[in-house]
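Here the structure comes first, spelled out in structure tokens, and everything after it is commentary.
Convention: sequence-line order gives letters A, B, ...; per-chain numbering from 1.
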There are 2 protein chains.
Amino acid sequence: MTDPAPEPPATRRPTMVDVAKAAGVSLKTVSRVANNVATVRPELAERVLRAMRDLGFQRNNAAANLRRGQETSTIGLIILDLANPFYSTIAAAAAEVTQRHNTQLITASSGWNPDRERELVLDLCERRVDALIIVPTGDDQSYLRAEIDRGTPVVFIDRPPAGLDGDTVLIDNRNGARELVRRLINEGHRGIGVITDSLNSYTMGERVAGVSEELAAAGIAEQAHFTEVYSDKPETAADAVGRMLDAPDPPSAVFCGNNRILTGALEELVARRSRVRLAGFDDFEFAHLLPYPVTVVGYDTRALGRLAAELTFQRIRTSTPPLTNYVVPTYLVDRGVDLGTRQPAPRVAQG
Amino acid sequence: MTDPAPEPPATRRPTMVDVAKAAGVSLKTVSRVANNVATVRPELAERVLRAMRDLGFQRNNAAANLRRGQETSTIGLIILDLANPFYSTIAAAAAEVTQRHNTQLITASSGWNPDRERELVLDLCERRVDALIIVPTGDDQSYLRAEIDRGTPVVFIDRPPAGLDGDTVLIDNRNGARELVRRLINEGHRGIGVITDSLNSYTMGERVAGVSEELAAAGIAEQAHFTEVYSDKPETAADAVGRMLDAPDPPSAVFCGNNRILTGALEELVARRSRVRLAGFDDFEFAHLLPYPVTVVGYDTRALGRLAAELTFQRIRTSTPPLTNYVVPTYLVDRGVDLGTRQPAPRVAQG
DNA sequence: CTGAAAGCGCTAACAA
DNA sequence: TTGTTAGCGCTTTCAG
């Protein structure tokens, strides 16, 4: 009357107990083999390995980590937007480092939303990531205090945290801006237009501060035209440049705070067949093919991700050393194609 | 003589037991509160929540999942290279969908290495991801059979798997190529140059097949010049175009298999101040600013990631429906700036 | 060298 | 409504 114990459903994953049964050894021996403990008789080990292969055994790492204490071999990376090449480059560089440490990276985008950032931090902490790398947004990261005290290394990247000290890896925005403006000044420009987006962000604030410092040093601060655009659509920047050029005392050079503004401005200059000097922040993949000569501030984006990840592993190893702050240097590059003065009205394809 | 039991070290994370003790309730009540089970007296729940806040409690999700069975709320995404905007766009779109499902995405790059792909799959399976989304590389994904049978949904993206059937989300490469070639033919071109990289990849194979079909349909297959380049450096493509144009019977139009080849070819055409018709695959962010008119085959890259992720959740919900194969359509777009014939020798900045 | 028992932090049964 | 007990799959004592 009693049926034999039904076989476990085909879908169930084999556990170490199953492997032990199949190999005719104890659970512990299987565990030892799985962890490459040397003190197992080769013959037994062989039998266990065979059983593992036959059953398609895959250790449940969550269970192993649970018992073992910590070390999930997972790091959380919170960036602003993975669709943005700047951040995806950072993510790729960081992933390359974590990969070498047999650690996976969980990359999530906060989308410039501080609440979302907090949610993500919480979620990642509940997954017990070994460390966090964060591009902070908003003006308060003090909520991380508790987590850091609990021993989770946190490294900030691209922007420093607010309301809290922490390890950082930043770009030398201020110096980059200064160098670029110095270059324009050396070329003889005096009336310089400056187009930025919201100065609320640390990044843009630093860049503008660099511009201002250099203009002040040259004593030509009053001849500058500062404009802030409130949308990252290229047309907005195009309009801004247009207005500058149509003003009574137009600038002979324009500094753009980032590459979106730069390309927007460029479209306007191309359309006007202008020869105004164009320069700005951020190098990018096809910048050398822009249809207008530009000088841009470049930097090693990959270094940001790489340094942050390396610093992270350093912290995982030995905690509570002094705060570390890396600064990635910038350099100037000439990009774009100088096609000279042209006759036909240029056509800019829909973009 | 007996010291009092030492307090747990400050670093230890509080568990539900700690919370229960602090709130003066049982472990299970804490668990219920943590899981929003409604049947807890509000007053007790309040006490528990307070204790949680005071202790800074964060549930250990690994432990919860372990006990609960499956569902780690994690999906694995294996792409070829996160640093490539095509793949990071896919990752971003997929992440957006998983985020809505309260699921984190672990994105890893195989770097076109089939062994690495297998390692990553194994690692992700040991983490018990709920599903896998894979851009396959190499010519054998049959090793995934066992995993799929065990119930892990696997969706393939951009390329179909080999040695195995599976859900796929692909681009309509063949038709895109056909349409573009048809356009060139309609414009009157007969001698068409075709530059591709290694035809070993599914993607390029499909594109070239589309080109060939259309050329054959027009009866001008013999007038075509096919060239395969073996490096993805732009100069290689530039050289290839150069050789085509210097040949006895140069093409009047050139079809490039991807955007790296397209930009490489473009550099050569700009340098020669050529007016050869240029066209190719892949639209990209700043394509509308290329200093040369081009027509490219575009497609909704985000749709790839989005559809794959959505399909994945569908599969997690209800397994073993029939195989699904999405095909993302393509379209033609005109890009680049037509600056007409120009006088000064163009300067292409270092790139 | 091997195994039995305990327990990581949590949830699912089953009482009370 | 609340608590008790068992146990997820694994590793860690500690005996054999």
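- For B/M16 and C/dG7, the CE to C1' distance is 17 Å, given to the nearest whole Å.
- Scored by the side-chain contact (heavy atoms from CB on, under 4.5 Å) test, A/A91 finds A/L77, A/L82, A/T107, B/L82 as partners (sequence neighbours excluded).
- Crowding of A/D165 atom CG: a count of heavy atoms from other residues, nucleotides or ligands under 6.0 Å not exceeding 12.
- Of the two residues contacting DNA chain D, namely B/L44 and A/A62, the nearest-nucleotide position lying further toward the 5' end is that of B/L44.
- B/N36 places its CG atom 16 Å from the P atom of D/dT1, with the value rounded to the nearest Å.
- Both A/L27 and A/T39 lie near DNA chain C, and the one whose nearest nucleotide falls closer to the 5' end is A/T39.
- Two end axes, each from the C1' atoms of five base pairs, can be drawn for the helix from C/dC1-D/dG16 to C/dA16-D/dT1; they diverge by 40°, to 10 degrees.
- Look at B/N35 and you'll find a side-chain N or O under 4.0 angstrom from OP1 or OP2 of C/dT11.
- Comparing C/dT11, D/dT4, D/dT11 against the side chain of B/S26 picks out D/dT4 as the nearest.
- Residue A/E46 contributes atom CD, which lies 17 Å from atom P of C/dC1 at whole-angstrom precision.
- Counting to the nearest Å, the P atom of C/dG7 and the CG atom of B/L66 are 17 Å from each other.
- When each of C/dC10, D/dT2, C/dT11 is scored by its nearest atom to the side-chain atoms of B/T29, the top-ranked nucleotide is D/dT2.
- Using a 4.0 Å heavy-atom criterion, one finds that B/V17 contacts no nucleic acid atom at all.
- Summarising the geometry, the separation between CD on B/Q58 and P on C/dC10 is reported as 11 Å, rounded to the nearest angstrom.
- Put simply, B/S31 has a side-chain N or O that comes within less than 4.0 Å of OP1 or OP2 on C/dT11.
- Atom pair B/E71:CD and C/dA12:P shows a separation of 12 Å (rounding to whole Å applied).
- Within the 4.0 Å cut-off from OP1 or OP2 of C/dT2, at least one side-chain nitrogen or oxygen of A/R41 is found.
- When all heavy atoms are compared, the tightest approach of A/L304 to A/I90 is CD1-CD1, 3.9 Å.
- Taking side-chain N and O atoms only, A/R59 has a distance below 4.0 Å to OP1 or OP2 of D/dT11.
- Applying the 3.5 Å distance criterion, the base of C/dG3 shares a donor-acceptor pair with the side chain of A/R32.
- A straight line from CG of B/N60 to P of C/dC8 spans 12 Å, rounded to a whole angstrom.
- The aromatic rings of A/W112 and A/Y87 sit perpendicular, their planes meeting at an angle over 60°, well past the 30° parallel limit.
- Atom CZ of B/R13 sits about 10.0 Å away from atom CD of A/E126, to the nearest 0.5 Å.
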Would A/V97 and A/F313 satisfy side-chain contact (heavy atoms from CB on, under 4.5 Å), going step by step from the backbone distance to the final call? CA-CA 9 Å; A/V97 175; A/F313 284 108; 4.1 Å; yes
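- Side-chain to base pairing of B/K28 with C/dA13: no donor and acceptor N or O lie closer than 3.5 Å to each other.
- Just one of B/D18, B/L49, B/V19 meets the side chain to side chain contact (heavy atoms under 4.5 Å, CB included) condition when paired with B/V30; it is B/V19.
- One atom, CG of A/N65, and another, C1' of C/dG7, lie 16 Å apart when rounded to the nearest Å.
- Here A/R67 does not reach the OP1 or OP2 of C/dG7: none of its side-chain N or O atoms lies under 4.0 Å away.
- Legend: residues meeting side-chain contact (heavy atoms from CB on, under 4.5 Å) with B/R118, ordered by chain and number and at least two apart, are B/Y143.
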